[in-house]
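Let me begin by presenting the structure, written as structure tokens, before commenting on it.
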Amino acid sequence: MKKNLPVLFVIFGGSGDLAHRKLYPALFNLFRKGALQENFAVVGTARRPWSDDYFQETVQQAIVENVNAVDRDLVDQFSRHFFYQSHDVTDENHYIELNNKIEQLESQFKTQGNRTFYLAMSPQFFGTISQHLKAQNLVTDTGYNRLVVEKPFGHDLESAKVLNQQIGDSFAEKDVYRIDHYLGKQMIQNIMYLRLTNPLFDSIWDSEHIQNVQVTLAESLGVENRGGYYETAGALRDMVQNHIFQIASQVAMKKPVSLTSTDIHQAKQEVLNSIQMYDADDVNRFFVRGQYAGNDSENSYREEEQVSPESTVETFVAGKLLFKAGPLQNVPFYIRTGKKLAQKTTRVDLVLKSSHDLFEQNQDNVISIEIDPENKLTVTLNGKQLSQTDLSSLQMKFAYTKDEVAQIPDAYEKLFYDFLIGDRTNFVHWHEVKTTWDFIDRIEKTWQEDAQPPFAYQNGSMGPNEVSRIFEGTTDSWVFKG
Ligand code: NAP
């Protein structure tokens, strides 16, 4: 890890939930490990009129609440790098005051003119902020200027294009870091290591050997207090356009020419460009949406706070993707995600084709990569049952130990370090955003024109029964049954 990286952060939305739960703890861990030392400062901004002292207290509180085994002296020392500027992002004059504060802190903390602007607030402001940063001269040419944006990046292809244009007027693509925090998860990063460094996997990572790929992002919770946001998004926009496509493209892409960010993005983009786009008939055949129906003790989605009692927003989606290029061309990718499902899990299962016809009984051969909450690799094999002649299913399991898991940096810590050193590998390129929205928009359009609401499913199940439709014409089925 590089030490004492000089940087000044401006966190827009500095009083918000994301900053409190994720961003300040991530910065603290980097401080504890030495990546950030004396030459960093943070300006938190939001409209409420906080003082520096009060802001430092909230930062300390964020660390105590969200980081294990903290040394209070270190937390105090850390919080003295934090400063607050009351700021309305729509007010031009506030950027001038903000710049004055930044310049004073740059000189005090010797941050070498390196500025990172983190937009931890509603996406409706991303364009306005980035335009003001340029117009009011907060983007300078002394050090680097990086812009970090949270998801969602747009609501559909059109809004994403507008946003990208607004950002592009002030920041070059190489300086824009679009967060998909799944890319900071260790087991997702491990997919590349596993597949590219082991002949055992590398040699069978193709359509000759792989029958299908299954990506499951299941949550056991409902929408909780985010009903208002969810009503504008739904499972397809909230999870498939970003997280599921990012995972699927890492599995489906060809071997990159090198491990540079450019070559990895190139490999991902090639495979995403090859995705089979669906017309309305295809959408109805290959995609199924659902909504949790509630029970005696739990709400249905329509009974959640800030949700319309007639809402047709999907809390579950399953579908089939096909890539027309790459090693897994034409191999079905079955994907699903939803709320109030049987179990919280993020996993990828690669089902292998049967390689023998000598034995009558045939078990599934599967490589399962569990990402969350487990960090586990399981290979399900065929073998002989002891003392009998029958084939049986054997499992080879590798799980990181509890101690190793406890040491895993949070996704945000990993991503913060990456953008501090200018490594864009685990961030989303504009081309990826564009292609995935194009795919998603076609599904949304079909659903909007469709009179049929989402299928109801039981809380605690794995989605509506109608999901089996996506396997029609095949012998495939879900490996993970919940
Ligand atoms: P939040 O708690 O509602 O925070 C919003 C922040 O924006 C507050 O600090 C608010 O402070 C500030 N703000 C609002 N309007 C402003 C204005 N006109 N000028 C200046 N500041 C303004 O939201 P959040 O949950 O932190 O989410 C932030 C972003 O991260 C969103 O894009 C969200 O989709 C994304 N995200 C969040 C999470 C999460 O776990 N929370 C996870 C993934 C992505 P004032 O009211 O004082 O101005």
Side-chain angles (χ1 to χ4, degrees), residues 9-27 42-52 54-55 58-59 61-62 65-66 82-98 101 117-133 136 138 147-155 159-160 163 166-167 176-185 217 219 221 223-235 237-239 241-244 246 305-306 337 339 346 372 410-416 426-428 433:
F9 286 99
V10 182
I11 299 192
F12 292 92
S15 61
D17 173 68
L18 182 72
H20 192 85
R21 286 191 308 107
K22 294 290 182 188
L23 310 190
Y24 303 144
L27 285 168
V42 179
V43 182
T45 78
R47 287 166 305 179
R48 63 199 74 181
W50 284 357
S51 64
D52 286 344
Y54 184 76
F55 183 48
T58 67
V59 171
Q61 203 185 339
E65 283 170 16
N66 295 294
F82 285 71
F83 301 86
Y84 187 78
Q85 177 76 40
S86 180
H87 175 98
D88 186 328
V89 295
T90 56
D91 187 330
E92 191 177 303
N93 292 325
H94 285 182
Y95 290 86
I96 297 162
E97 289 168 31
L98 181 61
K101 184 135 190 161
F117 304 100
Y118 198 117
L119 310 192
M121 53 188 299
S122 169
Q124 63 170 308
F125 296 120
F126 292 174
T128 312
I129 301 173
S130 54
Q131 288 181 329
H132 277 303
L133 290 175
Q136 269 68 58
L138 279 81
L147 185 77
V148 186
V149 289
E150 272 295 332
K151 75 153 215 183
F153 196 88
H155 182 72
S159 59
L163 176 55
Q166 290 171 327
I167 288 178
V176 179
Y177 291 73
R178 294 181 195 82
I179 297 253
D180 181 327
H181 69 275
Y182 273 63
L183 293 179
K185 289 182 188 276
L217 269 61
E219 293 176 88
L221 295 177
V223 290
E224 307 298 294
N225 55 3
R226 297 183 74 221
Y229 158 73
Y230 209 77
E231 280 283 272
T232 66
R237 288 192 173 103
D238 193 41
M239 303 294 279
Q241 183 270 333
N242 35 61
H243 311 317
I244 286 189
Q246 284 299 324
E305 273 175 39
Q306 298 169 47
T337 181
K339 295 197 178 284
T346 301
D372 221 4
D410 178 71
Y412 274 94
E413 179 187 335
K414 171 78 183 105
L415 296 176
F416 262 77
N426 294 310
F427 295 85
V428 184
V433 177

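As the structure lists them, so they are numbered: ligands from 1, and atoms in each ligand from 1.
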Sort and list the pairs that fulfil salt bridge (Lys or Arg N to Asp or Glu O under 4.0 Å) and have at least one residue in residues 84-97, not counting sequence neighbours.
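Every pair satisfying salt bridge (Lys or Arg N to Asp or Glu O under 4.0 Å) with a residue in residues 84-97: there are none.
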Could you list each nitrogen or oxygen of ligand 1 that sits under 3.5 Å from a protein nitrogen or oxygen, with the atom names and the distance?
unit_1: ligand 1; atom_1: 2 (O); unit_2: Asp17; atom_2: N; d: 2.9
unit_1: ligand 1; atom_1: 9 (O); unit_2: Ser15; atom_2: N; d: 3.4
unit_1: ligand 1; atom_1: 9 (O); unit_2: Ser15; atom_2: OG; d: 2.7
unit_1: ligand 1; atom_1: 9 (O); unit_2: Gly16; atom_2: N; d: 3.1
unit_1: ligand 1; atom_1: 11 (O); unit_2: Ser15; atom_2: OG; d: 3.1
unit_1: ligand 1; atom_1: 11 (O); unit_2: Arg48; atom_2: NH2; d: 3.4
unit_1: ligand 1; atom_1: 15 (N); unit_2: Arg47; atom_2: NH2; d: 3.4
unit_1: ligand 1; atom_1: 18 (N); unit_2: Asp88; atom_2: OD1; d: 3.2
unit_1: ligand 1; atom_1: 19 (N); unit_2: Val89; atom_2: N; d: 3.0
unit_1: ligand 1; atom_1: 26 (O); unit_2: Asp17; atom_2: N; d: 3.2
unit_1: ligand 1; atom_1: 26 (O); unit_2: Leu18; atom_2: N; d: 2.8
unit_1: ligand 1; atom_1: 32 (O); unit_2: Met121; atom_2: O; d: 3.0
unit_1: ligand 1; atom_1: 34 (O); unit_2: Lys151; atom_2: O; d: 3.4
unit_1: ligand 1; atom_1: 40 (O); unit_2: Arg21; atom_2: NH2; d: 2.5
unit_1: ligand 1; atom_1: 41 (N); unit_2: Asp17; atom_2: OD2; d: 2.8
unit_1: ligand 1; atom_1: 46 (O); unit_2: Arg47; atom_2: NH2; d: 3.0
unit_1: ligand 1; atom_1: 46 (O); unit_2: Arg48; atom_2: NH2; d: 3.2
unit_1: ligand 1; atom_1: 47 (O); unit_2: Arg47; atom_2: N; d: 3.3
unit_1: ligand 1; atom_1: 47 (O); unit_2: Arg48; atom_2: N; d: 3.1
unit_1: ligand 1; atom_1: 47 (O); unit_2: Arg48; atom_2: NE; d: 2.6
unit_1: ligand 1; atom_1: 47 (O); unit_2: Arg48; atom_2: NH2; d: 3.3
unit_1: ligand 1; atom_1: 48 (O); unit_2: Arg47; atom_2: N; d: 2.8
unit_1: ligand 1; atom_1: 48 (O); unit_2: Arg47; atom_2: NE; d: 2.7
unit_1: ligand 1; atom_1: 48 (O); unit_2: Arg47; atom_2: NH2; d: 3.4

Which residues satisfy the side chain to side chain donor-acceptor pair (under 3.5 Å) test with Glu231, sequence neighbours excluded?
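Glu231 satisfies side chain to side chain donor-acceptor pair (under 3.5 Å) with Tyr301, Ser311 only.
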Presence of salt bridge, Asp52 and Lys101, under 4.0 angstrom
yes
Give me the ring orientation class for Phe55 and Tyr84: parallel if the planes are under 30° apart, tilted from 30 to 60°, perpendicular past 60°.
tilted
With sequence neighbours excluded, residues passing ring-ring contact (aromatic ring centres under 6.0 Å, His included) with Tyr118:
Phe416
Between Asn66 and Tyr24, do the side chains contain a donor N or O and an acceptor N or O under 3.5 Å apart?
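Judged by distance alone, the side chains do not pair up.
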